[in-house]
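What's counted below: heavy atoms across the whole structure, side chains too, no hydrogens, waters or symmetry copies. For this chain, numbers begin at 1 and follow the sequence in order.
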Amino acid sequence: SEFGDKSQYVKNIQADPKVRVRLNGRWHNGTAHLVPDDDPHARLRSLPQFNSFGVRTFGTNLLTIRVDLKG
């Protein structure tokens with residue numbers, strides 16, 4: 001999350017962690033987890049630069065969110 005717990009979707013996750021994620025054109029159900037102890041800057045360095053450009057550029061209060069997909 002670029003704006004940490006100020007993001008509306010983070011507030012939604014706090015209220016109900018059940019989420020749907022679209023990957024390769026298909027929707028998947030899962031459970032989102034906020035990971036405040038993670039180092040979001042190190043996490044961004046491990047991702048493709050193009051994908052994380054907006055987060056690195058505009059993020060002011062980074063927060064890692066993990067999504068566990070249902071099998």
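Atom NE2 of His28 is separated from atom CG of Leu23 by 4.5 Å, given to the nearest 0.5 angstrom. The OG1 atom of Thr31 sits 5.5 Å away from the NZ atom of Lys70 when rounded to the nearest 0.5 Å. In this structure, Thr60 OG1 and Glu2 CD are separated by 8.5 Å, a value rounded to the nearest 0.5 Å. One finds the CG atom of Leu63 at 8.0 Å from the OG atom of Ser7 (value rounded to the nearest 0.5 Å). Distance check: Asn29 CG to Asp68 CG gives 13.0 Å after rounding to the nearest 0.5 Å. Interatomic distance, Trp27 CH2 to Arg22 CZ, rounded to the nearest 0.5 Å: 6.0 Å.
Here Asp38 pairs with Arg43 in a salt bridge; the nearest charged N to carboxylate O distance falls below 4.0 Å.
Here the closest heavy-atom approach between residue Val67 and residue Gly30 is recorded as CG1-CA, 4.5 Å. Nearest heavy atom pair, residue Lys6 against residue Lys11, reads O-CE, 4.1 Å.
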Evaluation steps, side-chain contact (heavy atoms from CB on, under 4.5 Å), between Leu62 and Leu44: CA-CA 10 Å; Leu62 302 182; Leu44 283 172; 3.7 Å; yes
Go through the steps for Asp5 and Asn61 under the test side-chain contact (heavy atoms from CB on, under 4.5 Å), then give the verdict. CA-CA 8 Å; Asp5 58 4; Asn61 185 25; 4.1 Å; yes
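Cluster membership for Leu47 and Phe3, using ILVMFWY side-chain heavy atoms within less than 4.5 angstrom, is not shared.
The only option from Val35, Val10, Val19 that meets the side-chain contact (heavy atoms from CB on, under 4.5 Å) definition with Ile65 turns out to be Val10.
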